[in-house]
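These notes are about the structure you will find just below.
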Amino acid sequence: MNGFEFIETTLTGNTAVIELNRPRQLNSLNRKMVSEIITAMEKFDREEDIRAIVLTGRGRSFSAGADIDEMMGDDPISLELLNQFADWDRFSLIKKPIIGAVKGFVLGGGFELALCCDILIAASGTEFSFPEAGLGVMPGAGGTQRLTKLVGRTKALEWLWTGERISAETALKHGVINKIVAPELLMEETMKFANRLATQPPLSLRLIKDSVNKAVDYPLYEGMQYERKNFYLLFASQDQKEGMKAFVEKRKPDYTGK
Ligand code: DAK
């Protein structure tokens with residue numbers, strides 16, 4: 001897709017790749033970049049042929065957080081008027097799988113952006129941290145909420161209060177990331193994972209994501225009622241018929257996403 005200043009987008013088969021492209025500033029996130037990322041993501045989310053979205057960063061790091069030069073002059077009124085969190089809220093509405101391929105530093109807003117991904121694959125040596133407290137602020141784009149839901153209150157407070165660097169191994173141990181790979185294999189392994197998802201019926205993936213997201217917020221019984229509606233809905237799809245017919249006929253299914 002053309003016309004972006006701070007990201008690059010490419011298509012490989014059924015996977016769209018969004019690459020943060022401010023490597024000299026370690027992909028620190030300015031406002032325009034965040035707006036470009038979500039704009040591209042929403043476009044790919046609507047395109048029928050795209051089955052997965054990969055988010056990565058050019059250069060040695062995924063992202064060193066919000067652009068401090070841009071942010072340092074902010075005040076509560078400018079923040080309220082800019083309403084930039086509205087852009088961040090839109091990440092929660094993306095329905096297709098988002099796979100983050102991260103490396104180097106994943107800090108602050110960069111960590112919050114990574115936590116908006118559904119699956120995270122990290123190069124060995126990747127370091128995660130929320131350094132906000134050390135700057136006199138705190139994460140405000142979902143960091144305290146998403147991290148706590150992932151790792152629990154105890155670890156979240158430790159990491160958020162101290163801003164300590166969390167190794168890829170520790171992140172894996174606490175369920176923050178899915179996998180660690182050698183740096184030179186990061187994109188290859190990520191694309192392999194994305195291609196695997198591309199062979200699955202997209203409506204199933206979509207409603208599984210929707211149901212799993214509800215599990216994070218809903219009590220068990222309400223979550224199970226919600227899950228059941230999505231389960232019923234899939235029986236209205238052509239892919240349910242195709243999947244089960246192909247099984248009975250002992251052949252590979254040909255999914256259309258309908
Ligand atoms: N902002 C601006 N520039 C940055 C940057 C950042 N966050 N991080 C790195 N850079 C720039 C450096 O200034 C340097 O630029 P030059 O001096 O070459 O011009 C270049 O990137 C390379 O960085 P270093 O020379 O420092 O490289 P090192 O390997 O020595 O160190 C480092 C890498 C990542 C440890 C270090 O650069 C660093 O500590 N960076 C800052 C990390 C940080 O504190 N990040 C911000 C956290 S606060 C919001 C939404 C979200 C947020 C806020 C608001 N709204 C919706 C309103 C999120 C807030 C945060 O992320």
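The structure presented is a predicted model; accordingly, all values stated were derived computationally and were not measured. Numbering starts at 1 and runs along the sequence shown. Indexing begins at 1, ligand by ligand and atom by atom, following the structure's order.
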State whether [X] and [Y] are salt-bridged, where the test is any N-O pair (Lys NZ or Arg NE/NH1/NH2 against Asp/Glu carboxylate O) under 4.0 Å.
{"X": "Lys245", "Y": "Glu242", "answer": "no"}
{"X": "Asp45", "Y": "Arg90", "answer": "no"}
{"X": "Glu48", "Y": "Lys258", "answer": "yes"}

Protein heavy atom under 4.0 angstrom of [atom], is there one?
{"atom": "atom 20 (C) of ligand 1", "answer": "yes"}
{"atom": "atom 23 (O) of ligand 1", "answer": "yes"}
{"atom": "atom 17 (O) of ligand 1", "answer": "no"}
{"atom": "atom 39 (O) of ligand 1", "answer": "no"}
{"atom": "atom 60 (C) of ligand 1", "answer": "yes"}
{"atom": "atom 27 (O) of ligand 1", "answer": "yes"}

* So, Thr170 versus Ser167: side-chain donor-acceptor pair below 3.5 Å or not? ->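 Indeed, the side chains of Thr170 and Ser167 share at least one donor-acceptor pair under 3.5 Å.
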Tell me the contacting part of [X] for ligand 1: side chain, backbone, both, or neither, using a 4.0 Å heavy-atom threshold, strictly below.
{"X": "Met138", "result": "neither"}
{"X": "Arg24", "result": "backbone"}
{"X": "Leu29", "result": "neither"}

Counting non-hydrogen protein atoms only, what is the nearest one to [atom]? Give residue, atom name and distance.
{"atom": "atom 37 (O) of ligand 1", "answer": "Leu26 CD1, 4.0 Å"}
{"atom": "atom 51 (C) of ligand 1", "answer": "Glu112 OE1, 3.8 Å"}
{"atom": "atom 25 (O) of ligand 1", "answer": "Arg60 NH2, 4.6 Å"}
{"atom": "atom 11 (C) of ligand 1", "answer": "Gln25 CA, 4.0 Å"}

* For Ala66 and ligand 1, does the shortest N/O to N/O distance drop below 3.5 Å? -> yes
* To do: Report yes if some N/O of Gly109 lies less than 3.5 Å from some N/O of ligand 1; otherwise report no.
  => yes
So, 4.0 Å and heavy atoms of [X]: is ligand 1 close enough to count as a contact?
{"X": "Gly140", "value": "no"}
{"X": "Arg31", "value": "no"}
{"X": "Arg165", "value": "yes"}

* side chain to side chain contact (heavy atoms under 4.5 Å, CB included) partner of Val102, chosen from Thr190, Leu120, Thr56 ->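 Among the candidates, only Leu120 passes.
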* Option whose closest heavy atom lies nearest to atom 45 (N) of ligand 1, chosen from Gly59, Ala64, Gly65 -> Ala64
* Among Asp87, Val106, Leu113, Leu107, which residue places a heavy atom closest to atom 34 (C) of ligand 1? -> Leu107
